[in-house]
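Remember, predicted model here, so these are calculated numbers, not experimental data. Sequential numbering from 1 along the given sequence is applied to the chain's residues. Computed from heavy atoms alone, side chains included, the values below leave out hydrogens, waters and symmetry copies. We count ligands from 1, going down the list as the structure has it; atoms in each ligand are counted the same way.
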Amino acid sequence: MEVLPCKSRADAVALTAKLIGARLEATPDMVLGLATGRTMEEVYDHLATGGARFDRCTTFNLDEYVGLPPEDPQSYASYMADHLFDRVDIDSARTHLPDGMATDLGQAARDYEARIAAAGGIDLQLLGIGAAGHIGFNEPLSAFRSRTRDKILTPTTRDQNAGMFGGDAARVPKRALTMGVGTILDSRELILLACGAAKAQVIARAVEGPLTSRVSASAIQLHPACKVILDDEAAAALEDIAYYRFVCANEEKWNAYRSHL
Ligand code: GLP
């Protein structure tokens, strides 16, 4: 794992967008795994305003609420349209989200796994982190080898996401279809972005804490190509931060991105 502590939230977002942009430029037909949440809105804004080309890439989103049709403004399908897909040259036929409206959620989950496999797997998966320690909607005790399936959301998650539902946690759906931890770990590369003081403790548990399904994000420690991009606030509880900064300062490959670190 590489921890990249950035000077500010704006720098963390810019670095994330630049790394994604560089991958898209190098491999225009890549398979990109996408995430939602407020943090990602800024990344997508950077990519859209920066003119990143998406015309040949295929995307798979981590998750979708159960029971919200794609046209519902609170669905992740709408989120993606608003923040990215309607703003870039992506072919909508190559964008994928789990079908949270399926009558058979188990079948929808298996279909989603099959679509990812048919696309050749995910080259780069973008991740946020929830207050409950989730990646995607893998709430506590999600098996590290889990695949796409429906999960019941924790009260913590529903509170955290209430902002997108008029501040009313009761309006946040109770379930979501999410890639499993195992699905995420199968991606060839991971980039987890977290910003803000509210994420500091959960980031410390994910990055430095013991591997535990209570914090599904701790599973990133098992991945051989995982970057964790943080702003100063989200990095604040890391014990070995001085070492991570030392590594960054001495890695030549980060010279091009030095202004953000
Ligand atoms: C939702 C998504 C997660 C994401 C989280 C972060 O819960 N399902 O994949 O990590 O939001 O949200 P925010 O960026 O708003 O803190």
Under 4.0 Å from a heavy atom of [X]: which atoms of ligand 1 are those, numbered in the order shown and with their elements?
X      : value
Phe137 : 7 (O), 8 (N)
His134 : 3 (C), 5 (C), 7 (O)
Gln160 : 12 (O), 13 (P), 16 (O)
Gly128 : 10 (O)
Asn161 : 1 (C), 7 (O)

Salt-bridge test for Arg9 and Glu42: reply yes if a basic N is under 4.0 Å from a carboxylate O, no otherwise.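 Between Glu42 and Arg9 there is a salt bridge, with a charged N closer than 4.0 Å to a carboxylate O.
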Note: Asp232-Lys7 ion pair, threshold 4.0 Å (strictly below):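 Result for this pair is no, no salt bridge flagged.
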Have a look at ligand 1 and work out which part of Tyr76, if any, has a heavy atom under 4.0 Å from it: side chain, backbone, both or neither.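 Near ligand 1, Tyr76 shows its side chain, while the N, CA, C and O stay back.
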Of the backbone atoms (N, CA, C, O) and the side-chain heavy atoms from C-beta on, which set of Lys199 has a member under 4.0 Å from an atom of ligand 1: side chain, backbone, both, or neither?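 The part of Lys199 near ligand 1 is the side chain, not the backbone.
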Going by atom types alone, do His46 and Lys18 pair a side-chain donor with an acceptor below 3.5 Å?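 Not at all, the side chains of His46 and Lys18 share no donor-acceptor pair under 3.5 Å.
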Testing the 3.5 Å rule here: is there a donor-acceptor pair between the side chains of Ser8 and Asp11?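 A donor-acceptor contact under 3.5 Å links the two side chains.
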Quick one: ring pair (Phe, Tyr, Trp, His ring centres under 6.0 Å) partners of His83, sequence neighbours excluded?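 With neighbours one apart ignored, the set is Tyr79.
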With salt bridge (Lys or Arg N to Asp or Glu O under 4.0 Å) as the rule and sequence neighbours excluded, what pairs involving residues 212-229 come up?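 Counting only pairs at least two positions apart or across chains, the salt bridge (Lys or Arg N to Asp or Glu O under 4.0 Å) contacts touching residues 212-229 are Glu2-Lys227, Glu189-Lys227.
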Using a plain distance cutoff, I'd like to know if Arg38 has any nitrogen or oxygen under 3.5 Å from a nitrogen or oxygen of ligand 1.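 Between Arg38 and ligand 1 (N or O atoms, distance only) the closest approach is under 3.5 Å.
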Before signing off on this row, confirm whether Ile129 and ligand 1 have an N or O atom pair separated by under 3.5 Å.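 Yes - when backbone and side-chain N and O of Ile129 are compared with those of ligand 1, one distance drops under 3.5 Å.
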For the residue pair Ile20 and Tyr44, establish whether any side-chain heavy-atom pair is separated by less than 4.5 Å.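 They are not in contact (no side-chain heavy atoms under 4.5 Å apart), so the answer is no.
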With respect to atom 3 (C) of ligand 1, which of Gly136, Gly37, Gly196 exhibits the smallest heavy-atom separation?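 Shortest heavy-atom distance from atom 3 (C) of ligand 1: Gly136.
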Please compare Thr36, Val43, Thr39, Thr178 and report which has the shortest non-hydrogen distance to atom 14 (O) of ligand 1.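 Ranked by closest heavy atom to atom 14 (O) of ligand 1, first place is Thr39.
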Of all the heavy atoms in Ala35, does at least one lie under 4.0 Å from an atom in ligand 1?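 No heavy atom of Ala35 comes that close to ligand 1.
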Report the C-alpha distance between His134 and Lys151 in whole Å, list the side-chain angles of each, state the deciding distance to 0.1 Å, and finish with yes or no for side-chain hydrogen bond (donor to acceptor under 3.5 Å, both in side chains). CA-CA 11 Å; His134 67 213; Lys151 287 293 287 180; over 6 Å; no
For the residue pair Tyr76 and Phe137, categorise the inter-ring angle as parallel (less than 30°), tilted (30 to 60°) or perpendicular (more than 60°).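 It falls in the parallel class, under 30°.
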In the protein, what heavy atom is nearest to atom 8 (N) of ligand 1, and what distance, to one decimal place, separates them?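 Looking only at protein heavy atoms, the one closest to atom 8 (N) of ligand 1 is Asp63 OD2, 2.8 Å.
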